[in-house]
Amino acid sequence: MEKNFLSRTLAVIRDFSIEEQMFLYEQTKRLKEKWKNRENTDEFQIKEPVNIYIVFVEPSTRTKESFINAAKFHKNAKVNIFDSEHSSFNKRESYVDTFNMLTSYGDYSIFVTRTRLEGVPRLLERKVGEFADRHGIRKPAFINGGDGRHEHPTQELLDEYTFLEHKGFDNTHIRIALIGDLLHGRTVHSKVDGLRIFKNIEVDLIAPEEIQMPQHYIDKMKENGFEVRKYESIDEYLKEVKTADVWYFTRLQLERMGEDVLEKADVLKKAVTFRKDMLDKVREGTKFYHPLPRPKIDPEIPVFLDNLSLNGWEEQAMNGYWVRVVLLSMLGGAIKMEASFEETKDNIQEDEYEFIIPAKVTHGTKGVLKEGKRGIKPIDNGTVIDHIAKGKTPEEIYSTVVKIRKILKLYDCDSADGIFKSADGSYKGYISLPDRYLTKKEIKKLSAISPNTTVNIIKESSVKEKYRIKLPPRIYNFEEISCKNENCITNPKNGEGVPSSFIRIGDKLVCEYCETPHDHEEIWSI
Ligand code: NCD
C-alpha cells in the first residue's frame, strides 16, 4: 500500500512520524546523488498544478529563499511570494480570513508560513481546511517556517539530514551539544522530538541559566529516552573528558528577550562563544553546525573557523534547499511512501476514556456528609461536591471553592461550603447545593476546574449516585479558559478570536496550538 502526503501539515516535527522523516531523508539523499551525477530528477517533480505560497511575516533569508528556490524546482508550481508588509494584516485582518482568500486561487495550495505568533500553522490547518471543505477545494498543506519561539520543523529536517550525512547515515547513536540561546531558539526546541530518529541520544545543553532550555522541553527529552546534561558555558563543558562530536550553536535572539535578560547579553554571549584557545580541546572528528544567521559582530562561531574541517554549517545550510525540494515533492503528491503496518502512532489520540467515573454508593448512606455531625444539616435533595482540593492548604482549598462557585455560577442559590479536616489529617473542601442538580456540562466543567473531586447526587435524604471526576482528555469551548503564553495565537491579547483548547498529557494541560504546558489551575481566568 502506498500513501501520499497531499494536504498534510507540518506544524511541528512530530507531525511526521519517524518513518516518514526517514523516508524524506532517504529521498533527499537520492535526489542529491542524482543531481551530482547529472541524472534525470523528473520523478521528484510535482505533476499536478499547485499554488505554492510563501508567507513570511518575520524576517528570513535562508528559510525563505531556499523555499522560493525549492518551489521553483517544481515546474508545474505557481510560486507566489506574499507581500505581508502591504497586505490586509496591516488592516488588522485575521490570519484565517487572509489564508481563506489565498486558498481560493487554486485547486490545491501549499503554504509556507513564518510568524511571530505561535500555533498559527495548526490553526490554519483546521480553519482553512474547513473553508476548503465548504467550497469543494482540496485541503491545503501548511508548512511551518518558524512560529515564534515554538518550532521550526523544516530546519529540523535539514539539521537531522545533515547529521545523518555526517554519520554516513548510521542512526544508531548521536551525542549532540546544543549551545547558545536555548530558551528562545525554536530550532533547538524542534530537536526535542526531531532527534528521535536516532536510537540512542545524548544531549549536552550548554547555556547560562537565563537562556537555558525550558524545563518542560528537558522533561520531554527525558521522556523520549534522551540522556541530558547541563553546562553553564563552553569553558565548563570543555573540562569534560569526552565531548560531543556534533556541536549545534544558536544565536542569542535579542529581539525576543525581555529587558532583564538583555542587560546581561554580553556576559551570556561570552559563555556560548567559541574562542581560538579552545580549539585543541575539541574532540577529533567534531563538526560545528548553526541554523544561521550568525551576527556579524562577535559571532558565536567566529570567522577564523570557516576554513577548518570543523565547518559543518555551510553544508548544512545548502542542504536546506534539497530537503525542501523533497518536502514539496511529498506534499505535492509526486513521491509516495510504502505504508508499513507497524508505523508508530505519534499523533495525540483523543481517547475519550471516561473522566466522570461512577463510584459505589453504600446503600442507606444517610443525608450525605458525615461531617454533617459538626452542625451542617444534611440535605434531603440536591448535590454535594466533596473532596475539593484534598491535601492542599486551607487557603488553596478555599480559593478552589470560590473558583468553582464563580465559574459554575453557584453563588446566588441556596448553598453552603466549608473546609474539613479528614481522618488522615489532610484538608478538603465541599459545597452543598440543596435542590440543585448539576448538568452533565457543569460536571464536565467541574472536572477541569477541580479534578479528583467527588459529586454526590442526593435524593430523599440518601446518596443515590456518586461520581469521582478526573481531568478530562481535552478541555475546550469554555470562555473562561485561556493559554498563558502571550505569543500564542489563541491569547485574547492578540485579538485573533481563536478559542483556547487544551489536551491532557500526563498531569499537564498542553495548549493545542502553541503546546505550552499548564497546570489545570492556570488555564482559568475569572
Ligand atoms: C533561525 C530561525 O529563524 O529560527 N534561522 C533559520 O531559520 N535558519 C535561527 C535564528 O533566527 O537565529
Side-chain angles (χ1 to χ4, degrees), residues 10-13 54-71 81 84 111-121 142-163 176-195 205-207 210-214 217 247-257 261-262 265 268-269 271-274 288-302 311-325 327 487 514-515:
L10 183 64
V12 296
I13 190 69
I54 315 283
V55 186
F56 276 53
V57 184
E58 259 197 351
S60 170
T61 304
R62 263 149 293 268
T63 308
K64 184 174 176 185
E65 297 302 323
S66 67
F67 258 121
I68 294 171
N69 281 281
I81 298 150
S84 64
F111 291 102
V112 186
T113 64
R114 171 170 288 192
T115 54
R116 183 186 64 78
L117 293 182
E118 298 167 24
V120 175
F142 291 94
I143 301 172
N144 181 5
D147 60 332
R149 307 192 301 194
H150 181 213
E151 279 224 25
H152 194 343
T154 67
Q155 180 70 42
E156 190 54 24
L157 293 174
L158 77 93
D159 290 347
E160 297 302 329
Y161 177 77
T162 309
F163 303 155
I176 183 172
L178 302 178
I179 309 159
D181 190 348
L182 311 184
L183 174 63
H184 302 96
R186 52 196 171 202
T187 65
V188 288
H189 299 161
S190 286
K191 300 259 160 320
V192 174
D193 281 328
L195 283 166
L205 303 170
I206 306 174
E210 291 87 343
I211 49 172
Q212 194 38 280
M213 184 71 87
Y217 283 123
W247 288 39
Y248 190 92
F249 288 83
T250 59
R251 175 179 70 90
L252 254 60
Q253 307 222 341
L254 303 172
E255 72 277 22
R256 298 188 209 279
M257 289 186 183
V261 186
L262 262 183
L268 301 179
K269 177 104 189 217
V272 294
T273 299
F274 197 81
F288 284 3
Y289 299 103
H290 195 305
L292 303 175
R294 63 174 164 183
K296 59 186 174 191
I297 299 167
D298 300 332
E300 309 75 30
I301 39 170
N311 180 345
W313 63 87
E314 290 175 351
E315 195 69 34
Q316 175 194 8
M318 292 193 285
N319 279 337
Y321 169 74
W322 298 109
V323 163
R324 287 171 175 130
V325 167
L327 177 61
N487 293 317
C514 74
E515 301 188 311

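One-based numbering, in listed order, for ligands and for the atoms of each.
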- Side chains of R114 and H152: do they bring a donor and an acceptor to under 3.5 Å? yes
- Taking atom CG of L195 and atom CG of L178, what is their separation to the nearest 0.5 Å? 7.0 Å
- Under-4.0 Å heavy-atom contact with ligand 1, by part of R186 that carries it: side chain
- Task: Output the list of atoms in ligand 1 that are nearer than 4.0 Å to some heavy atom of Q155, sorted by atom number.
- Result: 6 (C), 7 (O), 8 (N)
- Message: Can you report which non-hydrogen protein atom sits closest to atom 12 (O) of ligand 1, along with the distance?
- Response: R251 NE, 2.7 Å
- CD of E300 to NE2 of H290: how many Å apart, nearest 0.5 Å? 4.0 Å
- Note on the structure: among protein heavy atoms, the one nearest atom 6 (C) of ligand 1 is L292 O, 3.4 Å
- Query: Looking only at distance, does Q253 have an N or O less than 3.5 Å from an N or O of ligand 1?
  - Reply: yes
- salt_bridge(R186, E58) N-O dist < 4.0 Å: yes
- Message: Using heavy atoms and a 4.0 Å limit, tell me yes or no: is T63 in contact with ligand 1?
- Response: yes
- List every atom of ligand 1 that sits less than 4.0 Å from any heavy atom of H152, numbering the atoms from 1 in the order shown and giving each element. 2 (C), 4 (O), 6 (C), 7 (O)
- Message: Checking contacts here: is it the side chain or the backbone of R114 that comes within 4.0 Å of ligand 1, counting heavy atoms only? Could be both or neither.
- Response: side chain
- Query: Can we say K269 and D298 salt-bridge, meaning some charged N sits less than 4.0 Å from an Asp/Glu carboxylate O?
  - Reply: no
- How close does the nearest protein non-hydrogen atom get to atom 8 (N) of ligand 1, and which residue and atom is it? P291 O, 2.9 Å
- Report the distance from atom CG of D193 to atom CD of E151, rounding to the nearest 0.5 Å. 6.5 Å
- Query: Could you give the distance from OG1 (T63) to CG (L292), rounded to the nearest 0.5 Å?
  - Reply: 10.0 Å
